[in-house]
Amino acid sequence: MNKYRTHNCSELSEKEINKIVHLSGWLHRKRDHGNLLFIDLRDHYGMTQCVIENNNNFFKVLEKTKPESVIKVTGKVIKRSDGTENVDLKTGKIEVSIESLEILSNAKELPMPVFGEQDYPEDIRLKYRFLDLRREEMHQNIILRSKVISFIRSEMLKLGFLEYQTPILTSSSPEGARDFLVPSRLNPGKFYALPQAPQQFKQLIMVSGFDKYFQIAPCFRDEDARADRSPGEFYQLDLEMSFVEQEDIFNVIEKLMVNLFEQFTSKKILNKKFPRISYQEAMKNYGTDKPDLRNPLIIHEITEIFNREDVKFHIFKKMVKTGSIVRALITKNTKDRPRSFFDNIDKWAKEQGASGLAYFTLEQDTKIKGKGPVGKFFSEESLKEIMKHCDAEIGDSIFLACGNKKEIEKILSLARDKIAEDLDIINNDQFAFCWIVDYPMYEFDENSKNIVFSHNPFSMPQGKIENLNFDKPLDIKAYQYDIVCNGVELSSGAIRNHIPELMYKLFSVAGYSNKEVNKKFSGMINALSYGAPPHGGIAPGIDRIVMLLAGKENIREVTLFPMNQNAQDLMMDAPSEIDEKQLKELGLKKDIKKN
RNA sequence: GGGGGUGUAGCUCAGUUUGGUUAGAGCGCCUGCCUGUCACGCAGGAGGUCGCCGGUUCGAGCCCGGUCACUCCCGCCA
C-alpha cells in the first residue's frame, strides 16, 4: 500500500464509511472552534473535510500548522449528520475523523493566499507561480490546456496526420520577427537562431514525402508582448499537407476547430462553415483583418457625400478635396442615448490619437435632420443619401472619421469595438470564426519606401504564373489566409510556392538577388530543385485557442510559467548574468551601454 | 522607442478633489475564548521609509519635477 494515501481528496463517499483511510494534501483552510477543528484538505482532485477534537494529541499540532502546509491524515470516514452536509463539495456527505497526522512539509506565511478568488498583482503571481497555480481557476485553466492539446493530437492522428519534431537550434532568417540567438561554441562568432516557427522544416518534411505533418511546435520571437502575445515563446499547432489546395486546408481546420470548440465549451459556434472574407473586404467593412464578427457594426464609405454642394461640413470637405476619405459607423436606434455616450466616444477617439469622431443622430419632425454638433451641416437630401448608402434609419446615429485610408481604418476598427462594447451588443456566448483570404503578396513599406512581403515570402501567388504582372507587384494576391475567431487572429497559413524559378522572381521584386536567396534560403531552394510536391499548411496558436476556450483575455492565464512584459521569468530569475568563463568559451564580450 | 493606467500594512483597497493632530477598513498574521463549521464566530494585539529621489511649503500620502516597477496600448509581431 502507498504510504501517503489510500484515496485522493475527491474520492471518498458514503461507500467508505467506517473505513480507515490515509489522505495527503495541502491544508487549504482551517476552521478552529477551540475544542473542535475542521480542516479542508486539498489535492489536485478535490477537497475533503477532516475533523479533529481536542482530546486528540495531534489537535495542538494541527492548530499550529499554517495553511498550504502539506500533511498526511489518517482517520476514519464518518457520515456527516443531517444538516451538516455540504452539497457544494463532492465529498460533502462524509468527513474524515482524524486519528493521527504527519506534517510532510511546512509552509511559511504566504505572500499570496491560495484560498479565495481575489485578484493579485501579476508580479507576485509570477514570482510565486507555484502558489498561483494551486488556485482553483488557474489549476483548471492549465488542465484545460493539457486536455486541449491531447484532444488536438488525437484528432490530428484521426485525420491522417503524423507528428514530427523539428530542430530548436536552427539558422537565423532575414524575414519576419527578431530572432532569439544562441552563440555557437564550436563555431566562434556564429549563431544559431531559435525557430520563429518550423516554417522551412515543415516544407522540407513535405519535400521528403511525408504528406501530412503536424506538430505542437514551440515558436520563439523576440518581440514585445501584448495581452494575447507572450514575450519570447508560444506554441502553434503547426501543420502542412502535400497535394492540396486552399479549400483542403480549410476543410481540415474547420473540422478540427468545430470538434475542438464543441468538445470544450457549450458556447455556440456561429458558422460551422467559416465565412470567407477577402482581405480587401475585411479592411473596408471592419478596418482590420481580424474582425470580431459577433459585432454587427459595419464601416461605410461616404467620402462622395462631402463633394455635395448642400453639405457644409467645411473641415471634412476641405480634407476630402486634398485626398482624405470619410467613413462612418452607424449605431441603430441610439437617439435617446445621453449626450455623454457620444462625448465619451469622441473623447476616447482623441485619446487613441485620432482627431476625434464627429457624430450626429438622425431625427425627423417635418423633415429629416441631423441632431448633434455637426448635424446642422447636412441638408435633408444629403441625409437621405447617407441613410440609403449606410442602411441607416431615423433614430440611428452616425460616427464619422476623416483622414487617410490607413488612419481611418485604424480608428474605425478600434471604434467599432469600443462602441459595440459601450452599447453591449456583443454576444459573449458565441464563437464567430472566419477566414480572411486573398492577402496581397506584397505591401509598400512606408519606413523603408520599399516593396516588402506582406506575409510569408514562401506563399504561392494567385493566378497563372505566366500571367503574373510583376510590374504591378502590389496587385498580386497570394494563396495566403488567416483564421480569426472573435477578433483574435488564431493563425496564418498559405499554399506554398514550390517552384524555384518563381521564388527567385518573387524575391527579386522584394529586392533580393538570386545569390542572396541561395544563401539565405539554401535549404529550401535546394530542396525545391529535386522534386517538390505542391503543398500548403497553417499554424493555429495553441495559447490563443485555449485562451478563447477558457474565456480569458490574457495569455498568461493559460500558461504555466509565463514571463512578464519585460521578458523576465520572475520565478526562475531569467534572463540572468553568466560568468566570464562561459563568455570566453563562446568568444563573446559584453559591451553594454550605460543608462 | 512612444503613450495611458496603477503603485498606501503580507494581500485587496479607501484616503489625494480642497496640503494640516497619532494614515484607515477588510482579509491574512499573533494572543485569548469557543464542540458542527465549511468565507466559522467573538475579544484583543502586532504590522506602514504612503514605490524611490529631489523640489515647493511653517507643514506633503496629497502639489511640482524626475525616476523605478508592474500593466494595457502604439510601434514591432513574414
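Protein chains get the first letters and strands the later ones, always in sequence-line order, with residue 1 at the start of each. Atom set for the values below is all heavy atoms of this structure, side chains included, hydrogens, waters and symmetry mates excluded.
Here A/His28 pairs with A/Phe115 under the ring pair (Phe, Tyr, Trp, His ring centres under 6.0 Å) rule; sequence neighbours left out. Under the ring pair (Phe, Tyr, Trp, His ring centres under 6.0 Å) criterion, A/Phe38 pairs with A/His33, sequence neighbours left out. Remark: A/Tyr479 engages no residue in a ring pair (Phe, Tyr, Trp, His ring centres under 6.0 Å) (not counting sequence neighbours). Residues passing the side chain to side chain contact (heavy atoms under 4.5 Å, CB included) test with A/Phe470, sequence neighbours excluded: A/Leu468, A/Ile476, A/Leu502, A/Lys505, A/Leu506, A/Val509.
For A/Asn518 and A/Tyr504, the side-chain atoms include at least one donor-acceptor pair closer than 3.5 Å. For A/Tyr279 and A/Asp482, the side-chain atoms include no donor-acceptor pair closer than 3.5 Å. For the residue pair A/Gln480 / A/Asn456, no side-chain donor-acceptor distance below 3.5 Å is found, with atom types taken as modelled.
Remark: A/Asn566 is not in phosphate contact with B/A69, judged by side-chain N or O atoms under 4.0 Å from OP1 or OP2. Distances shorter than 4.0 Å separate none of the side-chain N or O atoms of A/Arg556 from OP1 or OP2 on B/C70. For B/U71, the OP1/OP2 oxygens have no side-chain nitrogen or oxygen of A/Arg226 closer than 4.0 Å.
If you check every strand for non-hydrogen atoms under 4.0 Å, A/Lys64 touches sugar and phosphate atoms only. Contacts of A/Gln199 with the nucleic acid, taken as non-hydrogen atoms under 4.0 Å apart, include base atoms. Counting any heavy atom pair closer than 4.0 Å across all strands shown, A/Ser459 reaches no nucleic acid atom.
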**OP:** Represent RNA chain B in dot-bracket notation, 5' to 3'. Only Watson-Crick or G-U wobble pairs with both distances under 3.5 Å count; pseudoknot-style crossings use [ ] and interstrand partners use |.
**Re:** (((((((..((((......[...)))).(((((.......))))).....(((((..]....))))))))))))....
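Heavy-atom distances to RNA chain B give each of A/Leu126 and A/Asn55 a nearest nucleotide, and the one nearer the 5′ end belongs to A/Asn55. In terms of position on RNA chain B, the residue among A/Met563 and A/Asp445 whose nearest nucleotide sits closer to the 5' end is A/Met563.
Protein atom CD of A/Gln565 is 14 Å distant from nucleotide atom P of B/G75, rounded to whole Å. Distance, A/Asp543 CG to B/C77 C1': 14 Å, rounded to whole Å. Atom pair A/Glu443:CD and B/C76:C1' shows a separation of 13 Å (rounding to whole Å applied). Per the geometry, CD1 belonging to A/Ile39 stands 15 Å off C1' belonging to B/G36, to the nearest Å. When the P atom of B/C33 is taken as reference, atom CG of A/Asn35 falls 9 Å away, rounded to whole Å. A straight line from CD1 of A/Ile98 to P of B/U35 spans 17 Å, rounded to a whole angstrom. What separates CZ of A/Phe59 from C1' of B/U35 is a distance of 9 Å, to the nearest Å. If you take CD of A/Gln568 and C1' of B/C68, they are 12 Å apart, rounded to a whole angstrom.
Here B/C74 is the nucleotide among B/A69, B/U71, B/C74 with the atom lying nearest to any side-chain atom of A/Lys410.
Checked for salt-bridge contact, A/Asp32 and A/Lys30 miss the test: no charged N lies under 4.0 Å from a carboxylate O. Between A/Asp422 and A/Lys418 there is a salt bridge, with a side-chain nitrogen of the basic residue lying less than 4.0 Å from a carboxylate oxygen of the acidic one.
Residue pairs meeting the salt bridge (charged side-chain N to carboxylate O under 4.0 Å, His left out) criterion with at least one partner in residues 64-74 of chain A, sequence neighbours excluded, are A/Arg42-A/Glu68, A/Glu68-A/Arg134. Listed by first and then second residue, the side chain to side chain donor-acceptor pair (under 3.5 Å) pairs that reach into residues 561-570 of chain A are A/Asn564-A/Gln568, sequence neighbours excluded. For the ring pair (Phe, Tyr, Trp, His ring centres under 6.0 Å) condition, no pair includes a residue of residues 220-239 of chain A, sequence neighbours left out. Residue pairs that meet the salt bridge (charged side-chain N to carboxylate O under 4.0 Å, His left out) test with at least one member in residues 536-548 of chain A, sequence neighbours left out, are A/Arg145-A/Asp543, A/Asp228-A/Arg544.
Across the C1' atoms, B/C77 and B/A23 are found 46 Å apart, a figure rounded to whole Å. The gap from the C1' atom of B/G20 to that of B/G15 amounts to 15 Å, rounded to the nearest Å. Going from the C1' atom of B/U57 to that of B/C70 covers 32 Å, rounded to whole Å. Here the separation of B/U6 from B/G65, taken at their P atoms, is 15 Å to the nearest Å. One C1' atom belongs to B/C11, the other to B/G48, and the distance between them is 14 Å to the nearest Å. Annotation: B/C53 and B/U71 have their P atoms spaced 24 Å apart (nearest Å). Rounded to whole Å, the C1' atom of B/G75 lies 25 Å from the corresponding atom of B/G66. Here, B/C74 and B/C29 have their C1' atoms 44 Å apart, quoted to the whole Å.
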Subject >> Sugar-phosphate or base contact per nucleotide [nucleotides 37-48 of chain B; S, B, -; heavy atom under 4.0 Å] >> reply: BBSB--------
Original post:
Using a cut-off of 4.0 Å between protein heavy atoms and nucleotide atoms, how would you tag nucleotides 3-13 of chain B 5' to 3' with B, S and -?
Top reply: -------SSS-
Going by atom type alone, with no hydrogens or angles, which donor-acceptor pairs under 3.5 Å involve a side-chain atom of residues 405-414 of chain A and a protein atom two or more places apart or on another chain?
| unit_1 | atom_1 | unit_2 | atom_2 | d |
| --- | --- | --- | --- | --- |
| A/Glu407 | OE1 | A/Asn404 | N | 3.3 |
| A/Glu407 | OE2 | A/Asn404 | ND2 | 3.2 |

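With hydrogens and angles ignored, a donor-acceptor pair closer than 3.5 Å exists between the side chain of A/Glu53 and the base of B/U35. Contact annotation: side chain of A/Arg229 to base of B/C76, donor-acceptor pair present below 3.5 Å.
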